[in-house]
Amino acid sequence: MMTNKNLLLCMLSILLLSPETSFGQDRFRLDITQKQILSYFEKTYDVDKVETVIDDDWVTDLAREAETRTRIGLVIDALTAGRNLDYLEEYGLFKSNSNSYTVVIAKDHNWLTLGNLFFPLKFKEDYEKIYSDLSKRGFDRADLQELKLYLEQNGFFEELSKASMAFQKENSPKYVSKYQSAKDLVEKSKIFFEWTRETRSFQDNFEYEWAIGIYSRLDDRAQNILCSYLSENISDLSMMDDGVTIREFEVHLSRYVAKISDLEKNTD
């Protein structure tokens, strides 16, 4: 499953960075300690919910959803800062290789968000197979038509792209100013993580609302069939440290901003 990293890079590309700024091989400094991360997992990770029934109570449990998002967000932030997270293995986070970690969320629902559950419905090329599978499981014609209609009118990536542009336009200016005026690595790191967390919250909320939009259009029987089917087709959650330094990050964004500027000039 794709991480949020690429989306965050894209969303942050609106920042106008000073070309002379350089921190060499420095990484962004995370303002959360290993002790604080571990404490959160100790308080919220429920061993009795490693494998739970995916039903209406689970889908509509906003507290569960928020805790899971926070759990994943802490891991993404720590990896972005170059942290080692081997100490979270007892909570289902396993090291895949030298710079990535994986959670088998099909067997550990403490890491499962509604967006992750509905992940298979994001890809149009899989729709026909999914429709066929659901029909075989007892989806009636009316519910199947409701599902098809919603997905046709609300394609995930098309809607996310439009929402992302609006989000950038509304939220980027304040971070442009704050980042440009930052005087040192500590300040830049603080602003970076503020922005990435807000961006991640935007995407999490978008995914949840999109999935609820599907779920709420179905009757109880169809909801149970769909959730059962999706729970059997959950992909592993992979999160990795791309090893990007602050300087590399700024060069990437500067080049991207230049491309956007050229496109805007050509469309005038």
### Task
Please name all residues satisfying salt bridge (Lys or Arg N to Asp or Glu O under 4.0 Å) with R83, sequence neighbours left out, ordered by chain then number.
none
#### Entry: F202 and F167 aromatic ring geometry - parallel, tilted or perpendicular at 30°/60° bounds
parallel
### Task
Please identify each residue that fulfils side chain to side chain donor-acceptor pair (under 3.5 Å) with Q223, with sequence neighbours left out.
Y215
### Task
Only pairs at least two apart or in different chains count here, so list each salt bridge (Lys or Arg N to Asp or Glu O under 4.0 Å) that has a residue in residues 143-169.
K124-E158, E159-K162
### Task
Rounded to the nearest 0.5 Å, what's the gap from CZ on F193 to CD on E198? Could you check?
15.5 Å
### Message
Please determine whether the number of non-hydrogen atoms from other residues, nucleotides or ligands lying under 6.0 Å from atom NZ of K122 exceeds 12.
### Response
yes
### Message
Ignoring hydrogens and geometry beyond distance, is a side-chain donor-acceptor pair present between S96 and T102 at under 3.5 Å?
### Response
yes
### Message
If you define the side chain from C-beta out and look only at heavy atoms, does anything of R200 sit under 4.5 Å from I72?
### Response
no
### Message
Is any side-chain heavy atom of E207 closer than 4.5 Å to one of Q203?
### Response
yes
### Query
Are any of the side-chain heavy atoms of Y91 and R71 separated by less than 4.5 Å?
no
### Task
Treat each ILVMFWY residue as a node, draw an edge where side-chain heavy atoms are under 4.5 Å apart, and state whether I212 and F119 are in one component.
yes
### Task
For residues T196 and F28, determine if any side-chain heavy atom of one lies less than 4.5 Å from a side-chain heavy atom of the other.
no
### Task
Output all residues satisfying salt bridge (Lys or Arg N to Asp or Glu O under 4.0 Å) with D108, sequence neighbours left out; order by chain, then residue number.
none
### Message
Taking side chain to side chain donor-acceptor pair (under 3.5 Å) as the definition, give me every residue that meets it alongside N224, ordered by chain and number, with sequence neighbours left out.
### Response
none
#### Entry: side chain to side chain donor-acceptor pair (under 3.5 Å) partners for R29, two or more places apart
D26
### Query
What's the spacing between L93 CG and N110 CG if we round to 0.5 Å?
12.5 Å
### Summary
Residue pairs meeting salt bridge (Lys or Arg N to Asp or Glu O under 4.0 Å), one or both in residues 39-55, sequence neighbours left out, come to none
### Query
How about L144 and S135: do any of their side-chain heavy atoms sit closer than 4.5 Å?
yes
### Task
Could you tell me which residues satisfy ring pair (Phe, Tyr, Trp, His ring centres under 6.0 Å) with Y131, sequence neighbours excluded, listed by chain and number?
Y127
### Query
Would you call the rings of Y150 and W210 parallel, tilted or perpendicular, where under 30° means parallel and over 60° means perpendicular?
tilted
### side-chain contact (heavy atoms from CB on, under 4.5 Å) partner of L230, chosen from I130, L121, I225
L121
### Task
Check whether any side-chain heavy atom of D133 lies under 4.5 Å from a side-chain heavy atom of N233, and answer yes or no.
no
### Message
Can you confirm whether I214 sits close enough to L226 that some side-chain heavy atom of one is under 4.5 Å from a side-chain heavy atom of the other?
### Response
yes
#### Entry: side chain to side chain donor-acceptor pair (under 3.5 Å) partners for Y40, two or more places apart
none
### Query
Can you check whether T113 reaches E65 side chain to side chain, under 4.5 Å on heavy atoms?
yes
### Task
Write out all pairs satisfying ring pair (Phe, Tyr, Trp, His ring centres under 6.0 Å) with one or both partners inside residues 94-117, taking only residues at least two apart or from two chains.
F41-W111
### Query
Going from CG on L79 to CG on N99, what distance comes out if it is rounded to the nearest 0.5 angstrom?
9.0 Å
### Message
Going by salt bridge (Lys or Arg N to Asp or Glu O under 4.0 Å), name the pairs with one or both residues in residues 209-234, residues two or more places apart or in two chains.
### Response
R137-E232
### Summary
Here the salt bridge (Lys or Arg N to Asp or Glu O under 4.0 Å) pairs for residues 89-98, sequence neighbours left out, are D86-K95
### Message
Please report the interatomic distance CD1(I54) to OG(S228), rounded to the nearest 0.5 Å.
### Response
10.0 Å
### Query
Do F123 and F156 make the cut of ring centroids closer than 6.0 angstrom?
no
